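Source: prediction; values computed, not measured.
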Amino acid sequence: MAALAYTLGKREINHYFSVRSAKALALGAVLLLAACHAASRRYRGDDSCEHLLSSGRLLGEKVWQPHGCMMHKYKQSEAKTCLVDKHIAFIGDSRIRQLFYSFVKLLNPQIKEDGVKHGNIPFEDKSSSLKVEFLWYPEVNGSMKQLIKSWTEGSSPKPHIVVAGAAVWSISIHNGSNEALTQYKINITSIAPFLEKLAKSSDVYWVLQDPVYEDMLSESRKMITNEKIDAYNEAAISILNSSSKNSKAKVKIFSVSRLIAEETISQSSDGIHLSESSREITKVLNREQTDEWKGWMQLVILIYHISGASTFLPVYMHIRVLVAAYLFQTGYGHFSYFWIKGDFGIYRVCQVLFRLNFLVVVLCIVMDRSYQFYYFVPLVTVWFMIIYVTLALWPQIVQKKSNGSCFWHFGLLLKLVSLFICIYFLAYSQGAFEKIFSIWPLSKGFELNGSIYEWWFRWKLDRYVVFHGMLFAFIYLTFQKQQVLSEGKGEPLFPSKVSNVLLFISVVSFLTYSIWASSCKNKTECNEMHPSVSVVQILAFILIRNIPGYARSVYSSFFAWFGRISLELFICQYHIWLAADTKGILVLIPGNPMLNIIVSTFIFVCVAHEISLITNDLAQMVVPKDNATLLKRLLCVGGFFSGLLFLSAFQEQSRH
């Protein structure tokens with residue numbers, strides 16, 4: 001009966017709805033939609049892409065898709081043809097300046113963002129008689145009104161296109177007061193009639209304020225909240241829209257940049273300005289690239305561990321370079337942060353230390369393992385503290401200070417030389433090294449089986465690579481500030497000839513080191529050479545990866561995903577993937593090694609990812625930004641671990 005009913009039902013459906021009827025329905029949908037679009041164009045005007053200014057969505061890979069049309073990516077020649085004999089003015093603060101530079105780089109990709117911050121910036125392309133200028137007016141006030149009034153009533157030539165907007169400075173200098181918002185409304189109301197008058201002969205766009213990333217704001221900018229920005233945007237929209245109701249001219253509200261910023265502001269380095277990566281600038285060792293680098297390196301190291309390849313010396317030497325590359329990135333990344341930000345607050349230090357050590361400390365207590373058992377974490381932790389102390393000690397030399405005088409560059413180089421001398425001394429004075437780390441309670445963290453030797457060996461093996469990373473960061477950031485590098489999307493890092501020579505040298509160096517490491521026969525001698533020569537392979541890879549613009553502009557999201565949880569992958573392998581203190585493989589499914597690896601790997605990666613999320617969430621909760629609260633918690637943590645250390649010491653005495 002069931003089969004008969006199914007057959008009858010199937011015949012019934014086919015009778016009413018066949019392939020032919022489906023095609024007819026599709027044709028009807030096409031005709032109906034075409035009619036709707038034609039009617040919309042007839043009644044809404046010729047501009048079929050109003051959504052370009054107001055709505056859309058980010059598709060990824062920095063592609064913006066407006067609702068209702070497709071964006072055309074203009075080539076340099078096309079842009080110049082469209083804008084021939086035009087005068088374009090950008091008016092506002094540093095956020096409008098970012099739009100100005102992004103626009104100008106479409107016309108001339110080689111242009112550099114020079115040191116002009118609080119001033120006007122002109123640009124002219126003589127081949128197309130095109131003039132573009134940025135006019136520094138960070139507040140909506142009488143000065144901005146006078147400028148626009150001069151274009152509408154004076155004899156000065158009017159721009160063909162005007163892009164204006166400002167609010168952040170008003171919030172900042174008036175400490176986010178309600179009186180400042182009231183004055184903003186008064187000022188924009190007085191400017192609105194002149195904007196409308198200008199819009200009769202020019203295209204006028206008012207740019208709404210982008211949101212901020214409040215977690216990244218400095219203390220002096222904490223009053224710039226998204227709630228305040230929304231209030232200023234609502235004021236601008238209501239005043240400009242209401243004023244244009246009685247006028248044929250219309251000031252266009254440019255709100256799409258705000259929508260884009262909602263997706264990308266979390267990548268901002270200061271919480272206010274969009275990251276350069278979202279503005280088609282691809283920095284050397286950008287975050288996506290370093291995440292990708294960590295990802296594939298971590299996967300190679302994991303395969304090395306589970307395959308038992310440590311007995312093959314060439315493989316061992318290449319793995320040693322991967323570990324060194326991790327530490328190189330530590331030196332590069334943390335030096336860059338402290339040098340650029342000048343942020344030596346205790347909050348930053350505690351955040352990093354918590355992120356690095358939380359899981360390891362928990363495992364040490366729960367699994368009864370020494371801190372040194374997870375050797376990579378102590379290495380990164382100690383080197384982070386060395387970087388911090390080097391830069392935090394008087395005199396504190398940061399990028400902002402060095403911009404005023406090259407003298408500070410020499411001061412920082414002197415600090416780095418002093419650090420190198422200290423490393424060199426400790427590397428060749430095992431006795432001094434062991435005395436330092438044998439002092440209680442340091443010895444509790446750095447002893448393994450009652451000896452400091454393992455820690456000394458691990459530290460010595462990569463002793464120079466963090467210094468090399470710091471030095472590389474200093475040179476790179478100095479070159480970047482001097483505008484020696486070209487970091488536009490798709491551009492080679494240096495002029496063509498220089499790039500080709502450096503690329504050739506890098507490939508030769510890369511291959512030479514690989515051949516040397518593969519022919520290495522004595523582990524002791526190779527380990528002695530490794531600290532000095534590993535940087536050759538690392539720098540060669542960095543240059544090969546970053547000199548060609550096309551290589552620097554792309555990355556693997558697959559490897560980058562693993563790179564973001566590389567720390568957890570390294571730690572969790574000790575107890576989830578491997579077994580017997582990494583001497584064996586965890587067996588969940590006996591008798592089927594391949595299926596066992598697949599299942600255990602899946603569990604291992606999922607656990608590592610979840611622990612990464614938990615650690616990040618806990619770091620926000622446990623490490624407060626308020627210094628007074630943070631100090632209280634540090635005292636509690638210090639008391640807790642002091643109690644553990646005294647208990648451990650008491651147990652050892654009772655055993656003896």
Check: Tyr347 side chain, Asp626 main-chain N or O, donor-acceptor pair, under 3.5 Å
no
Side-chain contact test, heavy atoms from C-beta onward, threshold under 4.5 Å: evaluate it for Asn141 versus Gln146 and give yes or no.
no
May I ask you to test the Leu412-Leu391 pair for a side-chain heavy-atom distance under 4.5 Å?
yes
Ring centroids only, cut at 6.0 angstrom: are Phe541 and Trp296 within range, meaning strictly under it?
yes
To the closest 0.5 Å, what do you measure between CG (Asn286) and CD (Glu292)?
9.0 Å
Please report the closest heavy-atom contact between Trp151 and Pro157, naming both atoms and the distance.
CD1-O, 3.6 Å
Over all atoms of both residues, closest heavy-atom pair of His174 and Ala180:
CB-CB, 3.5 Å
Stepwise side chain to side chain contact (heavy atoms under 4.5 Å, CB included) test for Arg97 and Phe90
CA-CA 7 Å; Arg97 186 173 63 230; Phe90 289 80; over 6 Å; no
When you compare the side chain of Phe494 with that of Leu485, does any pair of heavy atoms fall below 4.5 Å?
yes
For atom CZ of Phe410, is the number of surrounding heavy atoms from other residues, nucleotides or ligands below 6.0 Å larger than 12?
no
Option among Val162, Val251, Leu195, Ile161 that satisfies the side chain to side chain contact (heavy atoms under 4.5 Å, CB included) test with Tyr205:
Ile161
Please determine whether side chain to side chain contact (heavy atoms under 4.5 Å, CB included) holds for the pair Val507 and Ile544, giving the CA-CA distance in whole Å, both sets of side-chain angles, and the decisive distance to 0.1 Å.
CA-CA 7 Å; Val507 171; Ile544 292 170; 4.0 Å; yes
Least distance between heavy atoms, Lys228 atom then Asn178 atom
NZ-OD1, 3.4 Å
Say whether, by atom type as modelled, one donor and one acceptor occur between the side chain of Gln289 and the main chain of Val284 under 3.5 angstrom.
no
Does any part of the side chain of Ile397, heavy atoms only, come nearer than 4.5 Å to the side chain of Trp339, both counted from C-beta?
yes
Under 3.5 Å, is there a donor-acceptor pair between the side chain of Arg348 and the main chain of Asp343?
no
Only residue of Asp203, Val204, Val163 satisfying side chain to side chain contact (heavy atoms under 4.5 Å, CB included) with Lys252 is Asp203
Once rounded to the nearest 0.5 Å, what's the spacing between atom CG of Leu285 and atom OG of Ser336?
8.5 Å
Please confirm whether the backbone N or O of Ala551 pairs with a side-chain atom of Arg545, one donor and one acceptor, at under 3.5 Å?
yes
Do Lys185 and Leu181 come within less than 4.5 Å of each other through their side chains, counting heavy atoms only?
yes
Show every salt bridge (Lys or Arg N to Asp or Glu O under 4.0 Å) that has at least one partner inside residues 146-167, sequence neighbours left out.
none
Are any non-hydrogen side-chain atoms of Tyr476 and Ile542 less than 4.5 angstrom apart?
no
Do you know the tightest heavy-atom contact between Met470 and Gly331?
CG-O, 3.7 Å
Checking Lys415 side chain against Pro395 main chain: does a donor-acceptor pair fall under 3.5 Å?
yes
Treating His87 as the side-chain partner and His160 as the backbone partner, does any N or O pair qualify as donor plus acceptor under 3.5 Å?
no
Look up atom CD in Gln183 and atom CD1 in Ile186, then write down how far apart they are to the nearest 0.5 Å.
4.5 Å
Mind running side chain to side chain contact (heavy atoms under 4.5 Å, CB included) on Ile237 and Leu208 for me, showing each step along the way?
CA-CA 8 Å; Ile237 292 170; Leu208 295 184; 3.6 Å; yes
Is there a donor-acceptor pair closer than 3.5 Å between any side-chain N or O of Glu133 and the backbone N or O of Asn120?
no
Does the side chain to side chain donor-acceptor pair (under 3.5 Å) test come out yes or no for Ser177 and Asn175, once each step is laid out?
CA-CA 6 Å; Ser177 66; Asn175 203 30; over 6 Å; no
Asn187/Glu139 under side chain to side chain donor-acceptor pair (under 3.5 Å): CA gap, chis, key distance, verdict:
CA-CA 10 Å; Asn187 291 342; Glu139 286 194 270; over 6 Å; no
Working to the nearest 0.5 Å, report the span between OG of Ser172 and CD1 of Ile224.
4.5 Å
Under 3.5 Å, side chain of Thr290 to main-chain N/O of Arg287, donor-acceptor pair present?
yes
Ignoring hydrogens, what is the shortest heavy-atom contact between Ala167 and Asp93? Give both atom names and the distance.
N-OD2, 4.1 Å
Side-chain touch Phe338/Thr390, heavy atoms, less than 4.5 angstrom:
no
Scanning both residues in full, the closest heavy-atom pair of Asn108 with Gln76 reads CA-NE2, 4.3 Å
Atom CG in Leu130, atom CG in Asp85: separation rounded to 0.5 Å?
9.0 Å
Has the side chain of Ser566 got a donor or acceptor atom that lies under 3.5 Å from a matching backbone atom of Phe562?
no
Let me see the working for Thr81 and Glu78 under side chain to side chain contact (heavy atoms under 4.5 Å, CB included), right down to the final yes or no.
CA-CA 5 Å; Thr81 302; Glu78 293 175 331; 5.7 Å; no
When the ring planes of His409 and Phe474 are compared, do they come out parallel, tilted or perpendicular, using 30° and 60° as the limits?
tilted
Rounded distance (nearest 0.5 Å) linking atom CE of Met223 with atom CZ of Arg221:
10.0 Å
Tell me whether Ser129 contacts the main-chain N or O of Val84 through its side chain, where contact means a donor paired with an acceptor under 3.5 Å.
no
Quick one, Phe123 and Phe100 - any side-chain contact, counting heavy atoms below 4.5 Å?
yes
